[in-house]
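Reviewing the structure listed below.
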Amino acid sequence: MNIEEKIRQFENEHFTSWHELNPVMKKNYQAIIRMLLEKEQMPEETLVRLAHRIKPLMYPKDKGVLPHKLYWTKPVPLTESFYFNFNDASVVKNPNGEILKVDGLVRICEFTCYHRYSGIYSVLRPGMDEIIQQFPAYLLADGKAEYVVKVIFPSQQLRDVYDAILDRHVSTVVVYRLKNGLPQELRNQEVIYR
């Protein structure tokens, strides 16, 4: 059972009037529940298994030389930020040394995701472990499906990215499937957990 399923169970057991709550209250309740349930993290073996099927995409930083489009990222430990540390040298290349293309994306859904706060408001540190633990359960039900994710922070402004009550950064994670599945270079990519 992942975090989303536990949240659903929590909602069913604790809120008789859940559907009567306004959207803001629902969002806050869900966020608090997620924070409580984070303490029951997925086992490392589950995270690693899912990380083989769920891969991040990134836009280059403004100061880089790469064109502004999505790129595959080299392996980063699941508990560290693929987002904050991403730079031009982080892109995946094929055996010929060419940048591996990102194409054939089919948007599936998006969800709100809560991330560890690093101690600095603008240092956004989403880890794939957090994204996987909060990934929609119905997508994980298909044990062979492969997904890619893009993390969106609305801005670098404190009021837009940081929830002081929850002490978490808040992002939107957009989930895609690939028409032709993950490229072989991504399937063979090492998954690092620490």
Side-chain angles (χ1 to χ4, degrees), residues 1-7 30-31 33-61 70-93 100 102 105 108-120 122-153 161-163 166-178 181-194:
M1 193 178 318
N2 78 350
I3 283 179
E4 183 177 315
E5 291 167 315
K6 290 179 182 178
I7 289 170
Q30 287 177 325
I33 295 164
R34 281 182 190 276
M35 296 307 100
L36 292 171
L37 294 175
E38 265 186 358
K39 294 177 181 175
E40 302 176 34
Q41 292 192 6
M42 283 183 181
E44 179 181 332
E45 62 192 36
T46 304
L47 280 170
V48 170
R49 180 174 42 81
L50 292 172
H52 282 287
R53 298 193 294 127
I54 304 171
K55 300 291 183 181
L57 291 170
M58 268 301 301
Y59 287 106
K61 302 297 183 193
L70 288 169
Y71 295 92
W72 300 110
T73 70
K74 290 182 179 175
V76 171
L78 297 181
T79 58
E80 293 180 12
S81 176
F82 64 91
Y83 182 98
F84 181 68
N85 298 314
F86 186 84
N87 58 47
D88 292 353
S90 301
V91 300
V92 176
K93 296 183 178 179
L100 191 62
V102 176
L105 296 178
I108 302 295
C109 69
E110 63 181 50
F111 64 94
T112 302
C113 198
Y114 303 92
H115 307 284
R116 289 179 287 270
Y117 170 48
S118 62
I120 304 172
S122 63
V123 179
L124 306 172
R125 297 184 182 273
M128 280 304 293
D129 64 322
E130 296 164 315
I131 292 169
I132 292 169
Q133 287 181 67
Q134 297 174 56
F135 210 76
Y138 74 93
L139 294 178
L140 297 178
D142 180 346
K144 295 185 178 179
E146 299 171 326
Y147 302 100
V148 293
V149 294
K150 173 178 72 176
V151 178
I152 301 172
F153 288 98
V161 298
Y162 180 63
D163 188 314
L166 299 174
D167 193 29
R168 292 290 190 276
H169 282 139
V170 183
S171 76
T172 298
V173 174
V174 184
V175 181
Y176 300 91
R177 277 196 180 167
L178 289 159
L182 286 173
Q184 200 59 41
E185 291 88 344
L186 274 291
R187 284 202 181 108
N188 296 335
Q189 200 175 51
E190 177 186 14
V191 173
I192 308 165
Y193 181 85
R194 68 166 187 254

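Note that the numbering runs from 1 along the sequence shown for the chain.
Within the 4.5 Å cutoff, the side chain of His169 has no heavy atoms near those of the Tyr114 side chain. Taking the side chain as every heavy atom from C-beta outward, Phe86 and Ser81 never approach each other to under 4.5 Å. Residues Leu124 and Phe84 are not in side-chain contact: their nearest non-hydrogen atoms beyond the backbone lie 4.5 Å or more apart. The shortest side-chain heavy-atom distance between Leu140 and Leu50 falls under the 4.5 Å cut-off. The shortest distance between side-chain heavy atoms of Val191 and Leu78 falls below 4.5 Å. Residues Thr172 and Phe153 have side chains not in contact (no heavy-atom distance under 4.5 Å, counting atoms from C-beta outward). By the 4.5 Å heavy-atom criterion applied to side chains, Met128 and Ile131 are counted as neighbours. In this structure, the side chains of Leu100 and Val91 stay at 4.5 Å or more apart for every pair of heavy atoms.
Checked against the 6.0 Å centroid threshold, Tyr147 and Phe135 count as a close aromatic pair.
Rounding to the nearest 0.5 angstrom, the gap separating the SG atom in Cys113 from the CD1 atom in Ile152 is 12.5 Å. The CZ atom of Arg53 sits 10.0 Å away from the CG atom of Leu139 when rounded to the nearest 0.5 Å. Put simply, NZ on Lys150 and OG on Ser171 are 12.0 Å apart, with the number rounded to the nearest 0.5 Å. Separating the NE2 atom in His52 from the CD1 atom in Ile54 is a distance of 11.5 Å, to the nearest 0.5 Å. Atom OG of Ser90 is separated from atom OH of Tyr83 by 13.5 Å, given to the nearest 0.5 angstrom.
Ionic pairing of Arg116 and Glu130 is present here: one or more N-O contacts between side-chain nitrogen and carboxylate oxygen are shorter than 4.0 angstrom. Using a 4.0 Å cut-off between charged side-chain N and carboxylate O, Lys93 and Glu185 make no salt bridge.
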For Tyr71 and Tyr59, run ring pair (Phe, Tyr, Trp, His ring centres under 6.0 Å): C-alpha distance rounded to whole Å, both residues' side-chain angles, the deciding distance at 0.1 Å, then the answer.
-> CA-CA 6 Å; Tyr71 295 92; Tyr59 287 106; 8.5 Å; no
Mind running side-chain contact (heavy atoms from CB on, under 4.5 Å) on Val149 and Leu57 for me, showing each step along the way?
-> CA-CA 6 Å; Val149 294; Leu57 291 170; over 6 Å; no
Apply side-chain contact (heavy atoms from CB on, under 4.5 Å) to the pair Leu70 and Leu105, showing each step before the final yes or no.
-> CA-CA 11 Å; Leu70 288 169; Leu105 296 178; 4.1 Å; yes
Steps toward side-chain contact (heavy atoms from CB on, under 4.5 Å) verdict (Phe82, Met58) | CA-CA 8 Å; Phe82 64 91; Met58 268 301 301; 3.8 Å; yes
For the pair Asp142 and Lys144, evaluate side-chain contact (heavy atoms from CB on, under 4.5 Å) and give the outcome as yes or no after the intermediate values.
-> CA-CA 6 Å; Asp142 180 346; Lys144 295 185 178 179; 4.0 Å; yes
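The backbone N or O of Ala89 sits less than 3.5 Å from a side-chain atom of Lys74, completing a donor-acceptor pair. Of the possible donor and acceptor atoms, one in the side chain of Glu146 sits under 3.5 Å from a partner among the backbone N and O of Leu182. Side chain of Gln189 to main chain of Thr73: a donor-acceptor pair is present (N/O by atom type, distance under 3.5 Å, no hydrogens or angles).
Scanning both residues, Trp72 and Pro183, for their nearest heavy atoms gives CZ2-CD, 4.1 Å.
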